[in-house]
Amino acid sequence: MLEGPVVCDTGPLIALSLVDHLQVLQRLYPRGLVPRAVLDEVLAGGSEGPGCQAILGADWLETVEDVALDPLLAAELGAGEAAVIASAYQLGARLVLLDDRKARRIAVAAYKLRVKGSAGVL
């Protein structure tokens, strides 16, 4: 069943690409949005970092510029997780792909977002 756009975090993108299942996201979601902060984290390991080539080669993933972060959100989470939640909330996407437990709790409790993780996608 196809759902609306999903805003993706670094960990799940890398995990799915390492097991050669990044394309599963494309089948499930018509749009995959990746905040600039997440892309920066993917690229931090260099072009040969884990999953980097598969993620960069997934032309159906759309990079979105980072949005303004709530200072408390930025203080509680890493840059990627905070950007995913803020982007989803401000862009009207209701679904985020996060593996980090704390980020998942904040996304659901404070921002009323739906959350899936790598295992949930598979």
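Values below: all heavy atoms of this structure, side chains included; hydrogens, waters and symmetry mates excluded.
Within the 4.5 Å cutoff, no side-chain heavy atoms of Leu113 are placed close to those of Leu95. Between Asp70 and Ile85, every side-chain heavy-atom pair lies at or beyond the 4.5 Å cut-off. Here the side chains of Leu56 and Leu43 are in contact, with some heavy-atom distance below 4.5 Å. Looking at heavy atoms from C-beta onward, Leu91 lies out of side-chain contact with Val7 at the 4.5 angstrom threshold. The closest side-chain heavy-atom distance from Val121 to Pro12 is not below 4.5 Å. Residues Leu13 and Leu61 are in side-chain contact: their nearest non-hydrogen atoms beyond the backbone lie under 4.5 Å apart.
Val67 and Val64 are not part of a single hydrophobic cluster, where members link through side-chain heavy atoms under 4.5 Å apart. In the hydrophobic clustering of ILVMFWY residues, with side-chain heavy atoms under 4.5 Å counting as a link, Ile106 and Leu72 come out apart.
Put simply, CD on Gln26 and NE2 on His21 are 14.0 Å apart, with the number rounded to the nearest 0.5 Å. The distance from the CG atom of Leu97 to the OH atom of Tyr29 is 7.0 Å, given to the nearest 0.5 Å. Rounded to the nearest 0.5 angstrom, Leu16 CG and Cys8 SG are separated by 8.5 Å.
When the side-chain contact (heavy atoms from CB on, under 4.5 Å) test is applied to Ala54, the partners found at least two apart in sequence or on another chain are Ser17, Leu22. Legend: residues meeting side-chain hydrogen bond (donor to acceptor under 3.5 Å, both in side chains) with Asp99, ordered by chain and number and at least two apart, are Ser118. Every side-chain contact (heavy atoms from CB on, under 4.5 Å) that Ala82 has, sequence neighbours left out, goes to Leu69, Leu73, Leu77. Evaluation of the side-chain hydrogen bond (donor to acceptor under 3.5 Å, both in side chains) rule for Gln53 yields no partner, not counting sequence neighbours. Taking Arg94 as the reference, nothing meets the salt bridge (Lys or Arg N to Asp or Glu O under 4.0 Å) condition, with sequence neighbours excluded.
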Show every donor-acceptor pair shorter than 3.5 Å between a side-chain atom in residues 33-42 and any protein atom, with sequence neighbours excluded, or say none if there are none.
from	atom 1	to	atom 2	distance (Å)
Arg36	NH2	Glu65	OE2	3.1
Glu41	OE1	Thr10	OG1	2.5
Glu41	OE2	Gly80	N	3.0

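Within the structure, every pair that satisfies the side chain to side chain donor-acceptor pair (under 3.5 Å) test and touches residues 76-92, not counting sequence neighbours, is listed here: Glu76-Lys102. Pairs passing the ring pair (Phe, Tyr, Trp, His ring centres under 6.0 Å) check and including a residue from residues 31-56, sequence neighbours excluded, do not occur. Within the structure, the ring pair (Phe, Tyr, Trp, His ring centres under 6.0 Å) test picks out no pair touching residues 34-60 (sequence neighbours left out).
Of all the heavy atoms in Ala88 and Val96, the pair that sits closest is CB-CG1, 3.4 Å. A pairwise comparison of heavy atoms in Val115 and Leu98 identifies CG1-O, 4.2 Å as the closest pair.
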